[in-house]
Amino acid sequence: MRSYFDKQLSTLNLELVKMGALCEEAISAAAKCLNDGDKTLIDKIKETERLIDEKEREVESLSMKLLLHQQPVAGDLRMISAALRMISDMERIGDQAADIAEILKFVGSDSKGIAAHIVDMASATKKMVTESVDSFVNRDLDMTHKVMKRDDVVDELFLKVKEELTKAICDNPEEGEVYLDILMIAKYFERIGDHAVNIAEWVEYSITDTHVKA
């Protein structure tokens with residue numbers, strides 16, 4: 001019975017990794033679309049969001065089966081409960097990438113280079129998502145804490161973006177609406193970082209039985 005349960009837990013871990021990879025794809029495509037002005041990526045982002053939603057349902061179904069049929073002990077119960085919380089945050093990451101895609105419809109290709117720090121934000125948040133999921137699979141508490149600390153980098157980059165765009169609006173008020181759209185995109189990336197921190201916090205709970213909200 002235990003060997004079957006362990007096999008199902010391995011499947012759960014694999015599906016979480018796949019869901020995390022989809023989140024990474026959505027984040028990368030959103031950043032590339034902004035930086036390169038490639039509007040063909042907008043449909044890719046929306047399709048990836050749909051796949052993230054599907055994966056959430058799959059992981060949720062698997063988790064509920066484990067809870068209802070396998071009678072997990074305390075440590076296993078924490079892992080499954082954490083996984084359910086994690087997929088909720090990953091689903092929100094997909095939603096926010098899709099929200100970025102909607103804004104990108106109205107941002108012209110001439111916006112390239114206006115806020116280069118946003119690409120750095122995307123790279124940092126993508127790494128946070130990857131490492132938060134990896135820390136769950138590998139039961140790596142040190143990596144979890146690194147994810148939490150990296151959120152400070154994302155927040156600092158957001159402040160830089162805001163400063164750049166405030167100056168840009170002052171210098172070119174006729175482009176103010178475009179700059180505000182770009183600021184909103186940066187805000188969504190900041191929120192993605194917050195969701196990655198949430199994931200890391202639930203990983204910490206699954207390992208330590210302590211949930212501390214940063």
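FYI, side chains are in, hydrogens and waters are out, and symmetry mates aren't considered; it's all heavy atoms of this structure. Since the structure is predicted, the reported quantities are computational estimates derived from the model, not experimental observations.
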Asker: Does a side-chain N-to-carboxylate-O contact under 4.0 Å join D95 and R92?
Answerer: yes
Asker: So how far is it from K187 NZ to M121 CE, rounded to the nearest 0.5 Å?
Answerer: 8.5 Å
Asker: Evaluate whether atom CZ of R85 has more than 12 neighbouring non-hydrogen atoms of other residues, nucleotides or ligands under 6.0 angstrom away.
Answerer: no
Asker: Per the side chain to side chain contact (heavy atoms under 4.5 Å, CB included) rule, which among L66, N13, I80 passes with Q8?
Answerer: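 Of all the options given, the one that passes is L66.
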Asker: If hydrophobic clusters are built by linking Ile, Leu, Val, Met, Phe, Trp and Tyr wherever their side-chain heavy atoms come under 4.5 Å apart, do L9 and L62 end up in the same one?
Answerer: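 Per the 4.5 Å side-chain linkage, L9 and L62 are co-clustered.
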Asker: Following the transitive rule for hydrophobic clusters with a side-chain heavy-atom cut-off under 4.5 Å over Ile, Leu, Val, Met, Phe, Trp and Tyr, establish whether I169 and M184 coincide in one cluster.
Answerer: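 Same hydrophobic cluster.
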Asker: Are any non-hydrogen side-chain atoms of M86 and M19 less than 4.5 angstrom apart?
Answerer: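 Contact flag for M86/M19 side chains = no.
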Asker: Is the charged tip of R139 near the ring of F136: under 6.0 Å from the six-membered ring centre and within 45° of its axis?
Answerer: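 Checked: cation-pi criterion met.
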Asker: Work out which heavy atom in D155 is nearest to a heavy atom in E190; give both atom names and the distance.
Answerer: OD1-OE2, 3.4 Å
Asker: Restricting to non-hydrogen atoms, name the atom on A124 and the atom on V154 that form the minimum distance, rounded to 0.1 Å.
Answerer: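 Taking every non-hydrogen atom into account, CB-CG2, 3.8 Å.
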Asker: Do you know the tightest heavy-atom contact between I192 and I27?
Answerer: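 Shortest heavy-atom contact: CG2-CD1, 3.8 Å.
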Asker: Please give me the minimum heavy-atom distance between M90 and I52, naming the atom from each residue.
Answerer: O-CG2, 3.8 Å
Asker: Hey, could you give me the NZ/CD distance between K44 and E47, rounded to the nearest 0.5 Å?
Answerer: 9.0 Å
Asker: State the OG-CH2 distance between S81 and W202, to the nearest 0.5 angstrom.
Answerer: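 Rounded to the nearest 0.5 Å, the OG-CH2 separation comes to 8.0 Å.
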Asker: Taking the side chain as every heavy atom from C-beta outward, state whether M128 and H195 have any pair of such atoms under 4.5 Å apart.
Answerer: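 Result no, sub-4.5 Å side-chain heavy-atom pair not found.
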Asker: Closer than 3.5 angstrom, by distance alone: can the side chain of D140 be matched with the main-chain N or O of D142 as a donor-acceptor pair?
Answerer: yes
Asker: Is the shortest distance from a Lys or Arg side-chain nitrogen in E163 or K160 to a carboxylate oxygen in the other one below 4.0 Å?
Answerer: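 Not counted as a salt bridge, because no side-chain N and carboxylate O are separated by less than 4.0 Å.
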Asker: Count the heavy atoms belonging to other residues, nucleotides or ligands that lie under 6.0 Å from CD of E54, then report whether that count exceeds 12.
Answerer: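 Yes, the 6.0 Å shell around CD holds more than 12 heavy atoms from other groups.
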Asker: Check this for me: K32, atom NZ, are more than 12 non-hydrogen atoms of other residues, nucleotides or ligands nearer than 6.0 Å?
Answerer: no
Asker: Can you give me the closest heavy-atom contact between L16 and A83, atom names plus distance?
Answerer: CD1-CB, 4.0 Å
Asker: Return the NE2 to CD distance between H117 and E156, rounded to the nearest 0.5 Å.
Answerer: 11.0 Å
Asker: Are M79 and L12 linked, directly or through other ILVMFWY residues, by side chains that come within less than 4.5 angstrom of each other?
Answerer: yes
Asker: Test salt bridge (charged side-chain N to carboxylate O under 4.0 Å, His left out) on K18 and E58; report intermediate values, then the result.
Answerer: CA-CA 11 Å; K18 289 179 180 177; E58 291 175 15; over 6 Å; no
Asker: Please report the C-alpha distance between Y188 and I103 in whole Å, then the side-chain angles of each, then the deciding distance to 0.1 Å, and finally whether the side-chain contact (heavy atoms from CB on, under 4.5 Å) criterion is met.
Answerer: CA-CA 11 Å; Y188 277 125; I103 298 173; 3.6 Å; yes
Asker: Can a donor-acceptor pair be found, under 3.5 Å and without considering hydrogens, that links the side chain of N138 to the backbone of D134?
Answerer: yes
Asker: Taking the side chain as everything from C-beta on, heavy atoms only, tell me whether L14 gets closer than 4.5 Å to V137.
Answerer: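 SC-SC contact between L14 and V137 ruled out.
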Asker: Main chain of R57, side chain of S61: is a donor-acceptor contact present, judged purely on distance under 3.5 Å?
Answerer: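 Absent.
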Asker: If I take atom CG from residue D181 and atom CD1 from residue I100, how far apart are they, to the nearest 0.5 angstrom?
Answerer: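 Between D181 CG and I100 CD1, I get 12.0 Å after rounding to 0.5 Å.
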Asker: Considering all heavy atoms of both residues, which atom of V161 and which atom of A186 are nearest to each other, and what is their separation?
Answerer: CG1-CB, 3.7 Å
Asker: Counting N and O atoms only, with roles assigned by atom type, does the side chain of S88 sit under 3.5 Å from a partner on the main chain of L84, one being a donor and the other an acceptor?
Answerer: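 The answer is no, because no donor-acceptor pair under 3.5 Å joins these two groups.
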Asker: Is the shortest side-chain heavy-atom distance between T210 and E204 below 4.5 Å?
Answerer: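 Contact flag for T210/E204 side chains = no.
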Asker: Could you give the distance from CD (E25) to CD1 (I45), rounded to the nearest 0.5 Å?
Answerer: 11.5 Å
Asker: Is a side-chain N or O of S123 found less than 3.5 angstrom from the main chain of V119, in a donor-acceptor match?
Answerer: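 No, because the side chain of S123 does not come within donor-acceptor range (under 3.5 Å) of the backbone of V119.
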Asker: Given I93 and I199, is the side-chain contact (heavy atoms from CB on, under 4.5 Å) satisfied, shown in steps?
Answerer: CA-CA 11 Å; I93 289 171; I199 294 169; 4.3 Å; yes
Asker: Taking only Lys NZ, Arg NE, NH1 and NH2, and the carboxylate oxygens of Asp or Glu, determine whether K105 and E102 approach each other closer than 4.0 Å.
Answerer: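 Yes, K105 and E102 are salt-bridged.
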